[in-house]
Amino acid sequence: IDSIEKYDRLKNENVFASLFAEKSLEEIYAILNDVVEGNILFQDNNISLQSKKFNKPININNLSTGLKAFVILKILLERNILKEKDVLILDEPEIHLHPKWQMQYAQIIVLLQKFFDLSIIVTTHSADFLAAIEYYAKKHKNIDKCKFYLAKNEDNFNTFVDVTNKTEEIYKQMFIPKFHLDELNYELEENEDE
């Protein structure tokens, strides 16, 4: 009887876990399907995207780099490759993405962390992408799982400083080039007036 009850309890837990995972993935799939509409095909050692937008399936190698990033995430999820507690390293994932797609990608990162309890390491030079991650983490109530680090180079030695409670330190570094552009714009306007 104990064995039967234990089996039934495990079976129910697995059903619940499956339903929870399916419900959790709905939000991620909605975002993914907004960008990568269609099916991913695996044929003859090739990966293709079949969509109503294309006359025939497009080989993944012929997709834009930005679109590939979403296709890869979709493959990881559909093939059940991404598992709970995995580590995902994303080096400047916002590169080659349209600004709207950057926001969607940031939200997917936050949701993947929340639903799979992943450890995700993201490097970025984009203040907008960083802000999107920070804001979506607050929206989805998993900001407490986020740590923010600022890379510093002192005496040819690189360190990472935890600035989780003062992310403005990161933004300050990122906005220095923007201030330079503002100064240049002001200088050009002054010259036009003369």
Side-chain angles (χ1 to χ4, degrees), residues 18 20-143 145-149 151 167 170-171 173-175 177-178 181:
S18 295
F20 176 75
E22 200 172 292
K23 184 72 178 158
S24 301
L25 288 175
E26 281 180 18
E27 194 169 358
I28 296 171
Y29 274 119
I31 300 166
L32 278 172
N33 288 328
D34 184 50
V35 178
V36 184
E37 180 189 21
N39 299 315
I40 298 168
L41 306 175
F42 296 85
Q43 302 170 334
D44 304 324
N45 292 327
N46 287 312
I47 302 172
S48 300
L49 177 62
Q50 181 182 35
S51 174
K52 294 175 190 174
K53 297 177 184 177
F54 312 133
N55 294 336
K56 61 181 185 173
I58 303 290
N59 187 296
I60 192 172
N61 295 324
N62 296 326
L63 296 175
S64 71
T65 305
L67 197 53
K68 278 182 204 171
F70 285 94
V71 169
I72 289 168
L73 282 179
K74 197 169 184 179
I75 290 170
L76 290 174
L77 291 169
E78 286 180 354
R79 292 282 169 131
N80 208 17
I81 297 169
L82 211 52
K83 304 284 188 215
E84 193 172 333
K85 305 275 188 199
D86 274 353
V87 176
L88 191 59
I89 300 171
L90 303 168
D91 184 24
E92 299 184 76
E94 78 282 357
I95 293 178
H96 305 294
L97 293 180
H98 181 279
K100 178 185 175 189
W101 286 5
Q102 287 182 27
M103 301 305 107
Q104 290 171 302
Y105 203 91
Q107 186 172 13
I108 289 171
I109 290 170
V110 168
L111 291 172
L112 286 173
Q113 191 290 314
K114 180 177 183 175
F115 296 135
F116 287 90
D117 196 21
L118 299 177
S119 294
I120 303 175
I121 299 168
V122 179
T123 62
T124 184
H125 289 103
S126 168
D128 292 335
F129 190 70
L130 178 64
I133 289 173
E134 189 173 6
Y135 297 157
Y136 280 121
K138 288 177 182 175
K139 177 184 176 182
H140 293 288
K141 298 182 179 18
N142 59 331
I143 190 69
K145 297 277 189 159
C146 295
K147 288 285 208 178
F148 296 90
Y149 295 90
T167 55
I170 300 172
Y171 293 109
Q173 291 285 326
M174 291 178 165
F175 283 119
K178 171 82 170 95
L181 285 177

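Below, all heavy atoms of this structure are taken into account, side chains as well, without hydrogens, waters or symmetry copies. Note that the structure is predicted; figures quoted are calculated from it, not measured.
- Taking all atoms of both residues into account, the shortest heavy-atom contact from Thr124 to Glu92 is CA-CG, 4.3 Å.
- Pairs passing the ring-ring contact (aromatic ring centres under 6.0 Å, His included) check and including a residue from residues 54-74, sequence neighbours excluded, read Phe70-Trp101, Phe70-Tyr105.
- In this structure, Lys145 places its NZ atom where only 12 or fewer heavy-atom neighbours from other residues, nucleotides or ligands lie under 6.0 Å away.
- At a threshold of 4.5 Å between non-hydrogen side-chain atoms, the residues Phe148 and Glu134 count as touching.
- For Asp128, there are no side chain to side chain donor-acceptor pair (under 3.5 Å) partners, not counting sequence neighbours.
- For Lys56, there are no salt bridge (charged side-chain N to carboxylate O under 4.0 Å, His left out) partners, not counting sequence neighbours.
- For the pair Asp117 and Lys83, the salt-bridge criterion is not met [side-chain N within less than 4.0 Å of a carboxylate O].
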Could you walk me through whether Ser48 and Asn59 pass side chain to side chain donor-acceptor pair (under 3.5 Å), step by step? CA-CA 4 Å; Ser48 300; Asn59 187 296; 4.7 Å; no
For residues 73-82, tabulate all N or O donor-acceptor pairs below 3.5 Å that involve a side-chain atom, not counting sequence neighbours.
unit_1, atom_1, unit_2, atom_2, d
Lys74, NZ, Asn33, OD1, 2.7
Lys74, NZ, Val36, O, 3.0
Lys74, NZ, Gly38, O, 3.0

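- For the residue pair Gln107/Tyr135, the side-chain donor-acceptor check at 3.5 Å is not satisfied.
- Counting only distance, with no hydrogens or angles, the side chain of Ser51 and the backbone of Glu37 share a donor-acceptor pair below 3.5 Å.
- The ring-ring contact (aromatic ring centres under 6.0 Å, His included) test applied to Phe129 returns no partner, not counting sequence neighbours.
- The minimum heavy-atom distance between Val35 and Lys53, with the atom names listed, is O-NZ, 4.4 Å.
- Around CG of Asn55, the count of heavy atoms belonging to other residues, nucleotides or ligands within 6.0 Å does not exceed 12.
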Taking it one step at a time, do Leu63 and Ile60 satisfy side-chain contact (heavy atoms from CB on, under 4.5 Å)? CA-CA 5 Å; Leu63 296 175; Ile60 192 172; 4.1 Å; yes
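- Residues passing the side chain to side chain donor-acceptor pair (under 3.5 Å) test with Lys141: none are found, sequence neighbours excluded.
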